[in-house]
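Numbered from 1 within each chain, the chains take letters A, B, ... in sequence-line order.
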Amino acid sequence: MTDLLPLIVAKYNYWLYVILMMIGLYAMIAKNNLIKKLVGMNIFQTAIILFYVSIGYKTEATIPIIQGAHGGHGSHAAIHAADYINPLPHVLMLTAIVVSVATFGVAMALAVRVYQRYQTLEEDELRMRLSEE
Amino acid sequence: MDNYPALIVVAPLLAALFSGIFSWVEERFTYPTALIGMGLSTFSAYKILMRVLDSGTIQYKMAGWLPPMGIEYRIDLLNAMVLMLISSIAFINLIASYRNVEQETNDRKGSFYTIYLLFVTGLIGVTATGDLFNLYVLIEITSLTSYAMVALADKDRGPLASLNYIFIGVIGASFYLLGVGYLYLKTGSLNMVDVAGILSGIEGSSTVLVAFILCMIGIWIKMALFPMHVWLPNAYSYAPVAFARVVAPLMTKVMVYVMIRLMVTVFGLEYIFNTLNLADAVVWLATIAIIAGGIMALSQKNLKKMLTYIIVCEIGYMVGGAWMGNQLGMSGAILHILNDALMTFALFLAVGNMVYKLKKVDFIHLQGLFGKMPWTMAAFVLAAFSIVGVPPTCGFFSKWYLVLGAFEAGAYHFAAALIISSLICAILFFKVFEICFFEPMSEGHGHGDGHGEVAIAEAPVSMLIASGLISISLIATGLFSGTIMNKLILPFLG
Amino acid sequence: MHWPIDLIVLTFVIFCAIAAISVKDLLGTAILFGAYSFMMCLLWAVMGAVDVAFTEASVGAGVSTVFFVAAVFRTSRRTKD
Amino acid sequence: MKFLGFIIVCVTGGLLLYGTGEFPGWGDPNSPASTHLSNYYIEHIIEETQVPNLVTAVLADYRGFDTMFETAVVFCAGLACFLLLRDFRPKKERFYRHSPTGIILHVKNPDKILKTGKEFEYMDKDWVPSDLIIKTVCRILIPFIQIYALYVVAHGDFSPGGGFQGGVIFGSSLILLAISYNLKTLIRRIKEKVLGIYAAVGVLVYVGIAAICMLFGKNFLDYSALIPIVWDPHHVRGLGMLGVEIGVGIAVTAVMAIIYINIVSEGRHDEGL
């Protein structure tokens with residue numbers, strides 16, 4: 001039991017991200033409503049972002065903004081890499097968030113178009129309408 | 001100091017932005033802007049190809065930072081070939097599609113060119129980049145532009161097809177992103193060469209295995225390998241024809257390129273074929289994809305739809321060849337990227353000409369087309385022969401390598417599938433020829449006695465010239481495929 | 001030790017996610033989705049990813065929700081599942 | 001479909017969990033991800049770029065090429081929404097409200113357009129009497145939101161924030177204007193054409209700065225090439241980043257407004273939330 005707690009503390013973040021991702025993926029595949037699917041899509045994407053952010057986290061480190069370097073002329077105190085959180089995953093995820101919101105906007109526009117045409121967003125009803133035509 | 005590697009992707013991007021502005025201010029300027037941008041890009045691609053042939057791999061450091069820190073463009077023989085292919089096809093298509101665009105998207109011409117150029121930018125970037133995450137961003141650009149385009153032409157069914165495309169496309173891209181995340185966690189780097197160097201020390205890791213599987217599944221979804229192909233036929237057949245002509249030959253081929261790049265450069269063939277035992281399963285999957293694509297193509301009643309299923313079938317060839325585990329198979333797959341892009345482009349150019357005149361290309365509308373559009377049909381026949389694999393055309397040679405590779409690896413099922421699918425393609429195209437050639441005679445269309453004097457109603461000259469150029473290139477690549485093999489592909493595979 | 005806070009917020013996130021996809025009213029989904037994004041943003045702030053948290057707060061909890069409500073306004077609130 | 005979905009999800013989840021087996025612990029400072037590139041960035045950024053916010057420095061300089069395409073993605077999304085939804089057909093009928101009396105006019109002739117102003121007020125099927133409290137509060141709030149957005153863009157080098165966040169905040173201030181008044185008010189202030197041009201210009205600022213570096217003989221995006229035209233050569237990279245962040249901000253602001261307007265009015269640009 002005493003061994004288990006460190007393992008859980010070390011890994012639970014990754015496990016929970018997997019669960020979150022499964023929720024999103026399930027909603028994308030199995031939900032009937034197109035907007036619900038879009039929500040699932042967004043949950044899926046944020047889960048991935050959570051995963052990346054978890055990679056970057058370091059215990060005993062602070063946010064990736066160098067302190068006391070305002071203006072930054074000349075020499076600084078030595079900077080220790082262990083004091084700051086890894087900035088690279090954050091950069092990647094900023095880009096990923098932007099991409100996901102762009103996709104989300106386009107998908108919403110498409111959903112509005114589908115509704116204009118078929119007056120429904122339920123997938124089974126849409127399939128029925130399509131087979132009628 | 002020369003900046004061709006940057007220019008090749010920046011020129012179309014700049015042109016896209018300028019045409020985006022011009023579409024609001026003065027719409028007449030958008031088309032020339034697009035032409036200039038694409039022309040510049042094609043020119044740089046040519047320069048790069050020559051440079052790479054002369055002096056080997058080019059490295060271009062974006063923002064001047066050393067590779068693992070900054071983003072690097074790393075152009076070797078394979079990239080240079082695919083870059084040349086993409087930019088020239090996009091350029092020729094731009095020349096050919098002026099009339100199509102005017103016809104299909106008349107009030108949104110300017111925006112069409114903007115989206116088109118952004119799409120090409122994405123494809124070129126995907127091909128040139130040497131950075132795993134940059135690849136993801138560029139894949140998203142190509143996808144986002146395709147989503148918009150698919151919904152644009154067919155106002156009724158387009159949006160729904162596009163929405164389904166979004167769901168599947170996002171799953172694919174996200175899987176790829178996850179794979180990159182797993183790789184990053186294990187290696188701490190995103191540069192392909194750097195990652196490959198670190199990976200060679202930790203081959204047994206389960207994380208790397210999962211990363212590999214995720215990347216591959218993501219790319220397969222994006223390239224529409226058989227069970228994940230559901231989005232492709234609808235999406236490509238609803239897109240405006242001027243866009244379908246570039247998305248159909250290029251998108252899937254670029255994804256095949258990405259797969260080969262990941263296999264060769266990042267994970268290493270050694271790791272894939274010796275440490276993992278997945279190759280047989282994937283070759284079987286490719287075999288099923290080929291057969292299934294062929295069978296589904298047989299049941300179509302629309303020319304565009306039929307061609308999209310043939311694309312699904314062709315993807316099977318390339319994936320199977322790449323996973324054959326020997327040099328013949330891999331080189332056949334790479335050669336088939338080139339050939340298949342040209343063949344599909346030729347077919348879709350012909351279809352574009354037909355759409356321009358006929359509006360719809362269900363098989364019923366095609367009757368008597370040999371009389372009406374002789375030149376277009378000549379190009380179509382040549383491209384069809386190439387797809388089937390008739391010797392002087394280029395399709396034959398890549399299939400030959402693939403079959404040889406299959407025999408060497410002992411994958412007889414794959415070789416059989418290749419030959420069966422060629423037969424299916426032959427049946428398909430002869431069915432189309434039959435409709436185009438004979439049927440009006442037997443039906444005795446209500447045009448009176450006009451047997452020999454069907455009015456010739458050809459497509460505009462610009463479109464015919466493009467068709468002619470590509471038809472010549474089909475034969476030329478066929479004749480020079482030995483040279484291409486020896487100069488580009490074999491040196492790349494070492 | 002951040003992990004207790006982190007664990008609590010993560011649990012909230014998962015609850016919000018499940019609620020957002022199972023509520024039978026799309027406007028409710030929109031709001032729960034906003035809450036989900038906000039919780040996610042908190043989580044990232046706890047992990048020190050301030051820039052990402054800032055972006056998520058303005059995009060996920062802000063603009064995305066507005067787009068969502070706008071789209072629901074133009075379509076329908078009804079959903080079967 | 002549900003069952004199939006469940007199986008796919010379980011297989012994927014299992015695969016991902018299997019992959020986590022060899023992960024380094026959460027927050028482990030010695031994991032490969034936190035040592036290889038990250039250490040280089042943390043230790044060298046301040047001397048190489050003079051920008052204390054590491055995320056901004058990596059975002060706009062080391063990986064600025066990614067960010068350029070990210071901005072292009074945003075632009076593309078705006079363009080896509082416009083292309084998909086914009087509907088130029090004029091409305092068949094209009095409703096006007098005579099403000100002093102509250103009488104509602106129903107105009108069926110599409111060519112006849114009343115001049116709205118003091119006397120007549122345009123209204124639509126979802127018209128609600130405007131709420132004085134909301135209007136006043138938003139009128140006071142919007143300028144502050146916009147100033148904050150500008151601060152976020154300008155101060156991105158030193159504190160969390162940057163072009164994208166600032167752009168989104170500025171865009172949401174525009175959206176707030178549309179929600180608290182009505183969509184017409186927003187469109188009257190900022191024409192569709194202006195938004196469309198701004199979206200392209202924003203990205204163009206980014207690509208332009210990058211291309212200028214190329215003209216000065218350095219690599220694409222290498223801000224150190226800008227030294228001859230910058231007033232503070234010591235901070236040239238910071239200034240270059242500020243320039244591209246402004247570009248990103250402009251593009252994102254415009255695109256957020258475009259997407260909102262098109263979705264909420266189904267592309268007709270007349271009535272909205």
I'd like to know which of [options] tops the heavy-atom pair count under 4.5 Å against chain A.
options: D:A33, D:S34, D:C10; value: D:S34
options: D:G162, D:A77, D:G78; value: D:A77
options: D:L17, D:V73, D:V255; value: D:L17

What part of [X] gets within 4.5 angstrom of chain A, counting heavy atoms only: side chain, backbone, both, or neither?
X: D:L59; result: both
X: D:A80; result: side chain
X: D:T71; result: neither
X: D:N262; result: neither
X: D:T12; result: side chain
X: D:P24; result: backbone
X: D:F164; result: side chain
X: D:L84; result: both
X: D:F6; result: both

Just how far is it from atom CD1 of D:I263 to atom CG of A:L110, taken to the nearest 0.5 Å? 9.5 Å

Rounding to 0.5 Å, atoms CZ (A:R113) and CG (D:L85) come to a distance of 6.5 Å

Does any backbone or side-chain atom of [X] lie under 4.5 Å from a heavy atom of chain D? Answer side chain, backbone, both or neither.
X: A:Y17; answer: side chain
X: A:V18; answer: side chain
X: A:F104; answer: neither

In the structure I gave you, are the side-chain heavy atoms of [X] and [Y] within less than 4.5 Å of one another anywhere?
X: A:K11; Y: D:W26; result: no
X: A:L92; Y: D:R63; result: yes
X: A:M108; Y: D:C81; result: no
X: D:Q165; Y: A:L94; result: yes

Do other residues, nucleotides or ligands put more than 12 heavy atoms under 6.0 Å from D:Y41 OH? yes

Residue pair [X] / [Y]: nearest heavy atoms and the distance that separates them:
X: A:I29; Y: D:G5; value: CG2-CA, 3.5 Å
X: D:G13; Y: A:M22; value: CA-SD, 3.6 Å
X: A:H80; Y: D:I42; value: O-CG2, 4.2 Å
X: D:S38; Y: A:N86; value: CB-OD1, 3.0 Å
X: A:P87; Y: D:L54; value: CB-CB, 3.9 Å

Candidates D:N53, D:V55, D:V51 - the one meeting side-chain contact (heavy atoms from CB on, under 4.5 Å) with A:I65: D:N53

When heavy-atom pairs shorter than 4.5 Å are enumerated against chain D, which of A:Y115, A:W15, A:Y26 gives the highest number? A:Y26

If you count heavy-atom pairs under 4.5 Å with chain D, which of A:V98, A:V112, A:L88, A:V106 comes out on top? A:V98

